[in-house]
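The structure appears right after this line, and notes come after that.
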Amino acid sequence: GRRVLMALLTTLAVTMSAFIGAKSDLKNVMFFISDDLRPEMLEAYGQKHMITPNLDKLAQTSAVFNRAYCQQAICGPTRNSFLSGRRPQRTKAWNFIDHFREAGIGEDWMSLPGYFLDHGYTSLGGGKTYHPNLPPDNDGNKSWSMGPGVPTYVSKGELPCTSDFFPMHAKSSVCPDNKQNLSAFADYGNLEGMIESLHYASELRKSQGTPFFLNYGIHKPHLPFHFPVVFGGQNIWEKYGPTEDIALPTHQAAPDGMPPIAFTYEMDGQTELCTFGECVPMPGPEQGKLCPFCGPKLPDNMTQTMRKGYYSAVSWVDFLIGTMLTELDTLGHTEDTVVALVGDHGWQLGEHNIWGKHTNFELGTRVPLIIRAAGQTSTVRSNALVESIDIYPTLAALAGLPPPPDVDGYDLSSLWTTPTGTIKPYSFSEYPRCASPDAPWNDTSSCVHTQRTNFTVMGYSVRSDEWRATFWMWWDGSNLVGDFSRAPAAVELYSHQGDEESDFNAFENENVAAANADIVQEMLAVAKVQWSKVAAP
């Protein structure tokens, strides 16, 4: 009996050792999501005016994707999409009402964090990962490790702005904050919590071989552009130089021939824009000629203040990410951890006279995407068309996990060895509108509070290698899809021939649909096929 017992114990020990060995072969994942972050960094995207030393360092040992696009340029829907791995046409989440966990949609889907959790990972998160309550409770135990002693999801609030740049209670979308305690800022408070989570996960990795998935969602540079004036031993406001020297957008007007429905007449729901107590109406597409409440382009000093505020907030994000990566390295995990950064969508800083996202333009849909494979030591750059939904299967592949089932994205890992390769011929984005195409300014909420059955049109945008075509299709509220049996309410076509993506002002300044009927028909056919895929998979 004793021999049998010893044999069983030996077998169990060997089995456990093999299990721990198999787990140890898997890579950790550190995933950063930054809200409203457009691809405006020095090393990664060639934006020489930016101060982003930590992201520069990351880019030097990562794959940098030059043409990555989100599926909808607004927080809740884009996160529902890439964190579930499904396009909005499957999540049915285009507003701030719906989410993919609703009955009959994705109750049983494996989320991106949940996929790692299901494969034995410690899965911990903090900050803004999912949009608040979409799904409820940050997806609870379907995405995150829970139990006695396990760090809970980290979510800190932010203290009001206190600035020497304008009087107390004055309105301002830009707030250089003079508080010395960095913990008073939500993103830093969340960083402190995430560092604690990292230490917990690291200990499990070292003692039991358990790999970890950590997700740090950073609120900034989302409005208001609120950041500490001093961090990392520097005064960031001063470091960007005199405000009057900040470059202006060179095309502060809507694209020539743009249909009015394509424009966004608000900035996160605001119809006036304020900096340091000075307020003006939101700019309109034609210097205010059509929209009754819109104004002309911003005064130059306000445009420069807004831009400097955004840049400073991006530098604050850079500092936060750098602090987390330093801790990762200190704990000895640089070699065994995949690191990824994505912006949830783009942002327009006065280009086309737009301040915000909520559009299908290149600057609204294009996102930074930087991924470092575990142990990677040099830069890989790819101009392939890729999408936010590709992150899920790519992180799984780089971590050593099998392909996740039933997701819409593609594994991009082949681009590390063949960066000039092609993954797909098109990327797809969409955005609803909830007012008449004849008076689109009548909805200043960008459909976020409108039931999805009541949209007016859906803008379906197809990005190919050389073109962007957007078709504003009449909405079929019964079937929750654009009606391709009817002619589009409006059509846009923009040339991207010769576009290297480094000049944010040079493209999409003229709608050339009327002069390129053949391209329009070709792209419309692509859109019809793509958005007909709405049945259950």
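Along the sequence shown, residues are numbered consecutively beginning with 1.
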In this structure, CD of Q89 is separated from CZ of F428 (nearest 0.5 Å) by 8.5 Å
State whether E362 and R463 are salt-bridged, where the test is any N-O pair (Lys NZ or Arg NE/NH1/NH2 against Asp/Glu carboxylate O) under 4.0 Å. yes
In terms of side-chain geometry, is the basic nitrogen of K171 or E272 positioned less than 4.0 Å from the acidic oxygen of its partner? yes
Among S427, S429, S461, side-chain hydrogen bond (donor to acceptor under 3.5 Å, both in side chains) partner for R468: S461
So do the side chains of P281 and C294 get within less than 4.5 Å of each other, counting heavy atoms only? no
Check: D245 and P242 side chains under 4.5 Å, non-hydrogen atoms: yes
Lys/Arg-Asp/Glu bridge criterion (N-O < 4.0 Å) met for D35, K128: yes
Is there a side-chain contact between L134 and F96 (heavy atoms, below 4.5 Å)? yes
Atom CG in D36, atom CZ in F225: separation rounded to 0.5 Å? 7.5 Å
Okay, side chain of T78, backbone of C75: is any donor-acceptor separation there less than 3.5 Å? no
Has the side chain of Y410 got a donor or acceptor atom that lies under 3.5 Å from a matching backbone atom of K424? no
Assert yes or no for the condition that the ring centre distance of W316 to F231 is strictly below 6.0 Å. yes
Salt bridge or not between R67 and E501? Use side-chain N to carboxylate O under 4.0 Å. no
Tell me whether the centres of the aromatic rings in F484 and W475 are closer together than 6.0 Å. no
Does this structure show an ion pair linking D344 with R79, if we count only N-O contacts that are shorter than 4.0 Å? yes
Is S446 close to Y431 at the side-chain level, that is, under 4.5 Å between some pair of heavy atoms? yes
Does M267 form a side-chain contact (heavy atoms from CB on, under 4.5 Å) with W347? I'd like the steps, not just the answer. CA-CA 10 Å; M267 182 180 74; W347 225 80; 4.0 Å; yes
Output for pair (N454 CG, N95 CG), nearest 0.5 Å, gives 10.5 Å
Tell me whether the centres of the aromatic rings in F263 and H352 are closer together than 6.0 Å. no
Heavy-atom side-chain contact between S62 and T379 under 4.5 Å: no
Between the main-chain N or O of I51 and the side-chain N or O of Y240, is there a donor-acceptor pair closer than 3.5 Å? yes
For V512 and S495, work out which heavy atoms get closest and say how close. CG2-N, 4.4 Å
Taking the side chain as every heavy atom from C-beta outward, state whether V520 and F471 have any pair of such atoms under 4.5 Å apart. yes
Between W474 and Y460, is the ring centroid distance below 6.0 Å? no
Taking all atoms of both residues into account, what is the closest heavy-atom pair of S382 and L415, and its distance? OG-CD1, 3.7 Å
Heavy atoms of M473 and G482 approach each other most closely as CB-CA, 4.1 Å
For A262, is there any backbone N or O sitting under 3.5 Å from a side-chain donor or acceptor partner on R433? yes
For D98, the salt bridge (charged side-chain N to carboxylate O under 4.0 Å, His left out) test, sequence neighbours excluded, returns R452
Hey, could you give me the CD/OG1 distance between Q71 and T91, rounded to the nearest 0.5 Å? 10.0 Å
For I519, does its backbone N or O pair with a side-chain atom of N516 as donor and acceptor, under 3.5 Å? no
Member of T444, N442, V448, D443 meeting the side chain to side chain contact (heavy atoms under 4.5 Å, CB included) criterion with C434: D443
Check: N80 side chain, H99 main-chain N or O, donor-acceptor pair, under 3.5 Å: no
Has T394 got a side-chain atom pairing as donor or acceptor with L412's backbone, closer than 3.5 angstrom? yes
For a 4.5 angstrom cut-off between non-hydrogen side-chain atoms, does T129 reach F31? no
Going through the checks in order, is the salt bridge (Lys or Arg N to Asp or Glu O under 4.0 Å) test met by E387 and R87? CA-CA 10 Å; E387 298 173 285; R87 297 183 185 278; 2.8 Å; yes
Calculate, to the nearest 0.5 Å, the distance between atoms CE and CH2 belonging to M282 and W355 respectively. 8.5 Å
With rounding to the nearest 0.5 angstrom, report the CD1 to NE2 distance, I74 to H358. 3.5 Å
State plainly whether the residues E351 and R307 are in salt-bridge range, i.e. N to O under 4.0 Å. yes
So do Q270 and E266 actually touch side chain to side chain, heavy atoms under 4.5 Å? no
Regarding K533 and D408, does a basic nitrogen lie under 4.0 Å from an acidic carboxylate oxygen? no
Between the main-chain N or O of Y310 and the side-chain N or O of K220, is there a donor-acceptor pair closer than 3.5 Å? no
